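All of these numbers come straight from a predicted model, not from anything done at the bench. First the proteins, then the strands, lettered A, B, ... as listed; each starts at 1.
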Amino acid sequence: MHDIKLIRDNPEAFEAALRRRSQSYSGIAQKLIDIDKERRETQTLLDELKSRKNAISKEIGIAKSKKDEALANELLKKADIERAINDTLEAKLSSLETKLKDELSRLPNLPFDEVPDGVDEKSNELAKNKDGTPRQFGLIRSFSYPPKEHFDLGESLGYMDFASGVKLAGARFTVLRSQLARLERALGQFMLDLHTTEFGYTEMQPPMLVNDATAFGTGQLPKFGDDLFRTINYSSVRDELTRIHDDFTQQGKTILSDMDDWFKVLEREVFLKSNEVLNDPRFRYWLIPTAEVPLTNLARDLIIDEAELPWRFTALTACFRSEAGAAGRDTRGMIRQHQFNKVELVSIVAPEKSVEEHERMTEAAETVLKRLELPFRTMLLCAGDMGGAARKTYDLEVWLPGQDQYREISSCSNCGDWQARRMNARCRVPGEKQTRFVHTLNGSGLAVGRALIAVMENYQNEDGSISVPDALRPYTGGLTKIEKAGK
RNA sequence: GGACAGGUGGCCGAGUGGUUUAAGGCAGCGGUCUUGAAAACCGCCGUACCUGCAAGGGUACCGUGAGUUCGAAUCUCACCCUGUCCGCCA
């Protein structure tokens, strides 16, 4: 969310930055300023009225305590007149405030100047190291045979079971078995250990179901609810639905004599009401699309002593994504799943530290791939390809020899104060009065499922077995090669 | 899920419709005193918004949201959360 004061002070720059993401934001600054102007005028008016009203109320109190009923009655009449105007203005102010917040909360973050222009991934650039060399690591292995894709490898091994995934849940679910399940676990453990022991992240186990406020804080709501799975606590909803049904039935008997018409109305109304209940924040929970959501929200509604910052959190959680709009993409294999494991990195820092923290976090993610000796490159995303919360994003893309291309395995973003404003997450130098919004950063460190794929394709042998990377051997209980059972 | 008890500032805690401008205490910050520290004493000590060049003035917030009232921390209703006991449960 953006600071309306900044928009007010610098509307052109604000809008120009937004339009780097999409031309559709043309005219938005003026629209916001108009709402804000009316909002402030209304509040000024209302505050003056309230001030008068408060003064009268106080006088009444004094009059009554002095038993001066005549004066009290006279003042009462005066107060009555004030009230009518008051109520109207109050309603107006609250609607303007809501409108402004709604508009602001739907706008994405402003890209940093160094973020390249562009509308999609075609304009992403290979990032550079400090010395100007391309940020590209590892040697791409040359194969004496056509390297296989992970799903072929996994299925021939008998450890990657797509049919069972479909049976148990549906498309985009997979069952890992035996040694591949073990390898997947080893990858997650390895990543957590690296981040906690070498990069100072604190290991966390957050909820994987979150409420509306949490989903709003990181920017999933209000705009992107369709990308998430949601669930309800049915037992608490059931009583509400029953009550609504009974209400309508009761009304139907008394209001309508023609039962056919009544049932049509009932059906429609019950549908609408049920929908309301299912969307009631009291009953619904969102499945997290990433641990960024709960971890970042740990700072929500807090004023943190700056001496305590940075906060660095890591967590290995399942992530759930509806993949609405991804129909037909990556349908084979387990590149794009409804459920996958990911080790997430989240940093909460003082405002002036976020740029340097972003580099540090990206290095933590890169270190995972370096230790696994997987070839990868680091891309700087263009304005149009970044997520809405980010000011700048690095994507780590790992080389997949079976696919003969780089694929995203991590995304590290500096969100500035955009999430902090939504969450009201602030910090303060101990002893000082001024509070400031924290800056938040998040990065995958890494997507475990995709890391598994990368290990499989890069470490495959001609006989279909997979060598276990050295870095993982402490985690695989002596297993150095993954091969078919019974061999 | 049921019963009961609760939710007031960073923390503890008083407050049953009108000098509440939320008492008092603790912690914290500044000062006096002191070679220094402690103690004592004095002062400061929430967040956000509106207004103003500023000094300042104003408004809102006592779990959340509605309501009653000229006036609500206080009364009414709904909800959320916490504690204790019971029930269920990995």
Side-chain angles (χ1 to χ4, degrees), chain A residues 1-9 32-33 35-87 89-101 104 205 207-214 216 232-240 242-244 247 276-277 279-285 299-308 417 420-438:
Chain A
M1 196 143 75
H2 296 288
D3 183 1
I4 185 65
K5 286 181 196 156
L6 288 181
I7 301 172
R8 220 190 278 154
D9 291 344
L32 292 168
I33 287 171
I35 299 170
D36 180 55
K37 184 161 181 262
E38 199 181 352
R39 173 196 134 247
R40 279 153 56 215
E41 286 167 356
T42 308
Q43 182 171 346
T44 305
L45 221 60
L46 183 63
D47 281 357
E48 281 166 9
L49 263 172
K50 280 184 171 173
S51 176
R52 266 212 305 278
K53 194 186 74 178
N54 287 344
I56 294 170
S57 293
K58 199 166 184 175
E59 284 178 53
I60 294 174
I62 293 165
K64 290 223 170 177
S65 71
K66 289 179 182 163
K67 307 269 186 238
D68 188 347
E69 290 299 323
L71 177 62
N73 282 332
E74 191 186 322
L75 288 164
L76 269 169
K77 276 181 207 151
K78 235 164 106 185
D80 230 14
I81 301 164
E82 302 276 358
R83 191 156 77 129
I85 316 165
N86 211 328
D87 286 350
L89 276 180
E90 197 136 16
K92 187 178 173 191
L93 179 63
S94 123
S95 108
L96 284 166
E97 280 172 344
T98 307
K99 196 169 165 194
L100 185 63
K101 195 188 170 192
L104 284 174
Q205 285 209 28
M208 289 188 248
L209 266 58
V210 297
N211 59 27
D212 272 51
T214 300
F216 179 85
I232 54 159
N233 186 345
Y234 182 71
S235 63
S236 48
V237 149
R238 190 176 43 215
D239 293 346
E240 188 75 5
T242 307
R243 193 186 59 72
I244 287 164
D247 273 5
E276 256 176 50
V277 172
N279 282 301
D280 189 326
R282 280 180 303 159
F283 303 133
R284 69 180 173 185
Y285 295 94
R300 175 153 52 90
D301 291 325
L302 296 181
I303 300 177
I304 304 164
D305 270 0
E306 286 194 25
E308 267 183 54
D417 66 4
R421 287 181 183 281
R422 302 171 82 89
M423 296 190 303
N424 197 25
R426 290 164 296 171
C427 61
R428 173 162 53 196
V429 175
E432 285 194 10
K433 203 173 162 62
Q434 189 57 48
T435 63
R436 307 189 288 165
F437 288 104
V438 297

Look through every strand shown and name the nucleotide pairing with [N] as Watson-Crick or G-U wobble, where both distances are under 3.5 Å.
N: B:A78; result: B:U64
N: B:A72; result: none
N: B:A3; result: B:U84
N: B:A90; result: none
N: B:G30; result: B:C42
N: B:G9; result: none
N: B:U35; result: none
N: B:A14; result: none

With rounding to the closest Å, how many angstrom separate the [atom1] atoms on [N] and [M]?
N: B:U69; M: B:G13; atom1: P; value: 36 Å
N: B:G25; M: B:G67; atom1: C1'; value: 36 Å
N: B:A73; M: B:A14; atom1: C1'; value: 12 Å
N: B:G63; M: B:G83; atom1: C1'; value: 15 Å
N: B:A23; M: B:G43; atom1: P; value: 15 Å
N: B:C77; M: B:U82; atom1: P; value: 23 Å
N: B:A60; M: B:G65; atom1: P; value: 15 Å
N: B:U74; M: B:C88; atom1: C1'; value: 39 Å

For nucleotides 49-55 of chain B, list the nitrogen or oxygen atoms of the protein found under 3.5 Å from its nitrogen or oxygen atoms, one pair per line.
from  : atom 1 : to      : atom 2 : distance (Å)
B:C49 : O3'    : A:Arg39 : NH2    : 2.9
B:C49 : O2'    : A:Gln43 : OE1    : 2.7
B:C49 : O2'    : A:Gln43 : NE2    : 3.1
B:C49 : O2     : A:Gln43 : NE2    : 3.4
B:C50 : OP1    : A:Arg8  : NH2    : 3.4
B:C50 : OP1    : A:Arg39 : NH2    : 3.1
B:C50 : O4'    : A:Gln43 : NE2    : 3.3
B:C50 : O2'    : A:Thr44 : OG1    : 2.6
B:U51 : OP1    : A:Arg40 : NE     : 3.3

Going by side chain to side chain donor-acceptor pair (under 3.5 Å), name the residues that satisfy it together with [X], two or more places apart in sequence or in a different chain.
X: A:Glu308; answer: A:Trp311
X: A:Asp3; answer: none
X: A:Arg40; answer: A:Asp36

Once you round it to whole Å, what is the distance between [atom2] of [N] and [atom1] of [X]?
X: A:Lys50; N: B:U69; atom1: NZ; atom2: C1'; value: 16 Å
X: A:Leu49; N: B:G71; atom1: CG; atom2: P; value: 13 Å
X: A:Leu46; N: B:G57; atom1: CG; atom2: P; value: 20 Å
X: A:Leu93; N: B:A48; atom1: CG; atom2: C1'; value: 13 Å
X: A:Phe437; N: B:A48; atom1: CZ; atom2: P; value: 8 Å
X: A:Glu90; N: B:A66; atom1: CD; atom2: C1'; value: 13 Å
X: A:Ile303; N: B:C45; atom1: CD1; atom2: C1'; value: 14 Å
X: A:Met423; N: B:U47; atom1: CE; atom2: C1'; value: 17 Å

Are any of A:Asn54's side-chain N or O atoms less than 4.0 Å away from OP1 or OP2 of B:U59?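 A:Asn54 to B:U59 OP1/OP2: side-chain N or O found under 4.0 Å.
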> Phosphate oxygens OP1/OP2 of B:U47: is one of them under 4.0 Å from a side-chain N or O of A:Arg428?
Replying inline: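 For B:U47, OP1/OP2 do have a side-chain N/O of A:Arg428 under 4.0 Å.
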A:Leu93 and A:Arg39: CA distance, side-chain angles, deciding distance, side chain to side chain contact (heavy atoms under 4.5 Å, CB included) verdict
CA-CA 6 Å; A:Leu93 179 63; A:Arg39 173 196 134 247; 4.1 Å; yes
task = Name all residues meeting the salt bridge (Lys or Arg N to Asp or Glu O under 4.0 Å) criterion together with A:Glu38; count only those two or more places apart in sequence or in a different chain, and write none if there are none.
result =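 For A:Glu38 the salt bridge (Lys or Arg N to Asp or Glu O under 4.0 Å) partners, ignoring immediate neighbours, are A:Lys92.
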*Is the closest side-chain donor-acceptor distance between A:Thr214 and A:Asn211 under 3.5 Å?*
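Indeed, the side chains of A:Thr214 and A:Asn211 share at least one donor-acceptor pair under 3.5 Å.
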Go through the structure and list residues passing side-chain contact (heavy atoms from CB on, under 4.5 Å) with [X], not counting sequence neighbours.
X: A:Lys99; value: A:Ile35
X: A:Lys37; value: A:Glu41
X: A:Phe437; value: A:Asp417, A:Ala420, A:Arg421, A:Asn424, A:Arg426

Practice task
Output yes when a side-chain donor or acceptor of A:Ser57 lies under 3.5 Å from a complementary backbone atom of A:Lys53, and no otherwise.
Solution key: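 Present.
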Might you list the N or O atoms of the protein lying below 3.5 Å from N or O atoms in nucleotides 17-22 of chain B, with each pair's distance?
from  : atom 1 : to      : atom 2 : distance (Å)
B:G18 : N2     : A:Ser57 : O      : 2.7

Does any non-hydrogen side-chain atom of A:Arg52 lie less than 4.5 Å from one of A:Leu49? yes
